[in-house]
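Working notes for the structure below.
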2 protein chains.
Amino acid sequence: MHEADQRGEAALLTEPDAAPAVSIGAVAARAGVSVATVSRVLNDSDGVRPKTREKVLAAVALLGYSMNHLARNLRTSSSRLLLTMVPDVGNPFYAQIVRGIDAVAREHGYFVLLCDTGADAGRERSYFELLRTRRADGAICLDPDTIQQALAGELSAGQPWVACCEFDPDGDVPYVGIDNRAAAAEAVGHLIGLGHRRVGLINSDQRYLYARQRRRGYDEAMAAAGLAVAAGWRQTVAGLDYEAGSAATLAMMAQPDAPTAIFAVSDTLAIGVLSALRRLGKRVPEDVAVVGFDDISLAAQVAPGLTTVAQPMHELGAAAARLLLRRLAAPGAPLPGVLLAHRLVVRGSSDPSIREAP
Amino acid sequence: MHEADQRGEAALLTEPDAAPAVSIGAVAARAGVSVATVSRVLNDSDGVRPKTREKVLAAVALLGYSMNHLARNLRTSSSRLLLTMVPDVGNPFYAQIVRGIDAVAREHGYFVLLCDTGADAGRERSYFELLRTRRADGAICLDPDTIQQALAGELSAGQPWVACCEFDPDGDVPYVGIDNRAAAAEAVGHLIGLGHRRVGLINSDQRYLYARQRRRGYDEAMAAAGLAVAAGWRQTVAGLDYEAGSAATLAMMAQPDAPTAIFAVSDTLAIGVLSALRRLGKRVPEDVAVVGFDDISLAAQVAPGLTTVAQPMHELGAAAARLLLRRLAAPGAPLPGVLLAHRLVVRGSSDPSIREAP
DNA sequence: CTGAAAGCGCTAACAA
DNA sequence: TTGTTAGCGCTTTCAG
């Protein structure tokens, strides 16, 4: 690591754009109208004679005027920023959702303020400060921990925010997500249908709503098939990264009556599972079948392809953004929770009859 | 996809925080001082008697005052926002860099405005508008395309921005990156040292500086070993995703004198390579050795482990943020380009003597 | 249809 | 050390 050569660019920086930033007043003067009129034109307010509008637009073009949003923000008391809280930008699942949010946001003239809550934990609450102080107009929260705090805490009350993926269907906060219970039951049912009787679950801490929902799905599917669940078959992980999945697998497979199938509540975990099983010399799916959750693009790339519950990530983000935008447009209107469809994608990690990916 | 039940939360939204947002003036009145003094306390300006400060702070606490940043922004003509342009948030490589940026940014009281340039292409130039209109104080650009445009265009001239990963060492724009040529040469040299004589290159379009730099490293390493390069050994991809890597591999391996080793300029591409080779029934590294670039966390998870050139992603982001912050602090000062160290991480995808990962 | 004028809440001279 | 005051650039009544 070294510092490369440096050149004098000071000259380049003092010179250009030294123009004193033309304001609405300058445009008004140039066009021979008042600032109010310019403002009207700029905001497409009606009640401006076409001819006047022309003049203003000409002056704008001539002077190369561009709006000072800071001033407008103060005046309108809005920042046109949407806060997005993610536990980990590095997780492809969240990354896709963020793209969905971003797409809708900018379609509506908003920008996305991204906060990686995992990066500096414990500071979750301060993010809602951003809302209170109007630095952001609304928030979409994807971080289960933050959502929990927000659902309980005061700070978020009455603020325009929506929960995404982690949600309480009986709460008062607008949300978008999928039916986690049904999805998990489906995944486990698939494994059972394949003949497995000992199915392991790698799940997040039960303090998370989605973890409880998926756990319920797992329990229901097992019960429906009349299968008992040994204690060690349910492993709890602290994070969702590859390593967590590997570690949980090692622990799970160390038992005498180790499962012949593993359902992990995220693809990143499941990929860690695959890697651990490989290390243990187990064949997938012959010795142990694996099912993940999310269907990140990587799921189709690993070997064998990962069977998984597909979540419509982009659409989840887009729907969350739309929900929030609706809230902002009509602060008083009640907002329904939104559940999007999931679907089980069967690949080689669970089904031996499936050869290599298409 | 259906809409879930909706409940009346209107009541919850009109009621709370109906407080008319206490301002600096209210605090001043409550504390029995002037707004100027309150402002001084709030900004830790010195020249305030401890006793007075106490009074103010007490009033702040009592009234639950919190600063209106929109007003401050207008006044100081700064938004405390750092624009970050990424070609694809979904790519783990960029995600890690973003975390590095984010960490440094908030350490200094800035927030990160994230723009996924890949999401709506062609609009690259408009991002610099954000700088001109002061909606962001500075920008870090990670998108090669946007960087190219910015390096050439007028719009970015004189604006406070830094290039990250894609850069022109001879240009006037501050940058942080690694020595791509040396890194590529090292990677290819490693393959040659393993006995390979036909080494393929999967590279991005030559219009990118990093692609040219890495291509040069490849060429140099091959030439240094006295190896000729067949035309088909160099494949160009349009994107960096898994699929692109697979497709390029299929094309490359279809040739009569197909390479026995492949160097891909990104891990995501390389993972696509692995998956394509598997599909072709080739063993890695026995039949074909593979080397990637970046060392994303996934590289250690795939089977076999991916040999790759590690880039200090988090540190790249952090360094870029620090560089930009320096620029903002002293707009006139010349900024040196920063090159960080890379290192070759050898795993099973190239070295047959390496068993399973640790 | 257009203009005059009053701030939005804060910072920063300049005075005292 | 503290207070007074003039705006930052824009939107938005209210008049005309």
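Here is how names work: the chains are called A, B, and so on, in the same order as the sequence lines, proteins then strands, and each is numbered from 1.
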Inset, instruction - Give me the one residue out of Thr37(B), Val38(B), Val56(B) that meets side-chain contact (heavy atoms from CB on, under 4.5 Å) with Ile24(B). - result: Val38(B)
Legend entry - From Leu324(B), Leu114(B), Asp143(B), residue fulfilling side-chain contact (heavy atoms from CB on, under 4.5 Å) relative to Thr84(B): Leu114(B)
Measure from [atom1] on [X] to [atom2] on [N] and round the result to the nearest Å.
X: Leu70(A); N: dC8(D); atom1: CG; atom2: P; answer: 14 Å
X: Leu74(A); N: dT11(C); atom1: CG; atom2: P; answer: 12 Å
X: Asn68(B); N: dT11(C); atom1: CG; atom2: C1'; answer: 13 Å
X: Arg49(A); N: dT2(C); atom1: CZ; atom2: P; answer: 5 Å
X: Asp44(B); N: dT11(C); atom1: CG; atom2: P; answer: 12 Å
X: Arg134(A); N: dC8(C); atom1: CZ; atom2: C1'; answer: 13 Å
X: Asp46(A); N: dT2(C); atom1: CG; atom2: P; answer: 12 Å

Legend entry - Arg99(B) and Asp88(A) ion-paired at < 4.0 Å: yes
Legend entry - Salt-bridge criterion met for Glu107(A) and Arg322(A) (N-O under 4.0 Å): no
Legend entry - Over 12 non-hydrogen atoms of neighbours within 6.0 angstrom of CZ in Arg30(B): no
Inset, instruction - Verify the neighbour count for atom CZ of Arg53(A): are there more than 12 heavy atoms of other residues, nucleotides or ligands below 6.0 Å? - result: yes
Legend entry - Side chain to side chain, Tyr110(A) and Leu328(A), heavy atoms closer than 4.5 Å: yes
Legend entry - Under 4.0 angstrom between Ser23(A) side-chain N/O and dG9(D) OP1 or OP2: no
Legend entry - Ser79(B) and Asn73(B) side chains, donor-acceptor separation under 3.5 Å: no
Legend entry - Test item: side-chain donor near acceptor, Asn68(A) and Arg132(B), under 3.5 Å: no
Legend entry - Aromatic plane relationship, Phe128(A) with Trp161(A) - under 30° parallel, 30 to 60° tilted, over 60° perpendicular: perpendicular
Inset, instruction - Any chance you could list the contact pattern along nucleotides 11-16 of chain D? Use B for base contacts, S for sugar-phosphate-only contacts and - for none, protein heavy atoms under 4.0 Å, 5' to 3'. - result: BBB---
Legend entry - Difference in axis direction between the ends of the helix from dC1(C)-dG16(D) to dA16(C)-dT1(D), five pairs, 10°: 40°
Legend entry - Nearest-0.5 Å distance that lies between atom CG in Leu151(B) and atom CG in Asp168(B): 6.5 Å
Inset, instruction - Could you identify which residues of residues 51-58 of chain B place a heavy atom less than 4.0 Å from some atom of DNA chain C, listed by residue number, or say none? - result: none
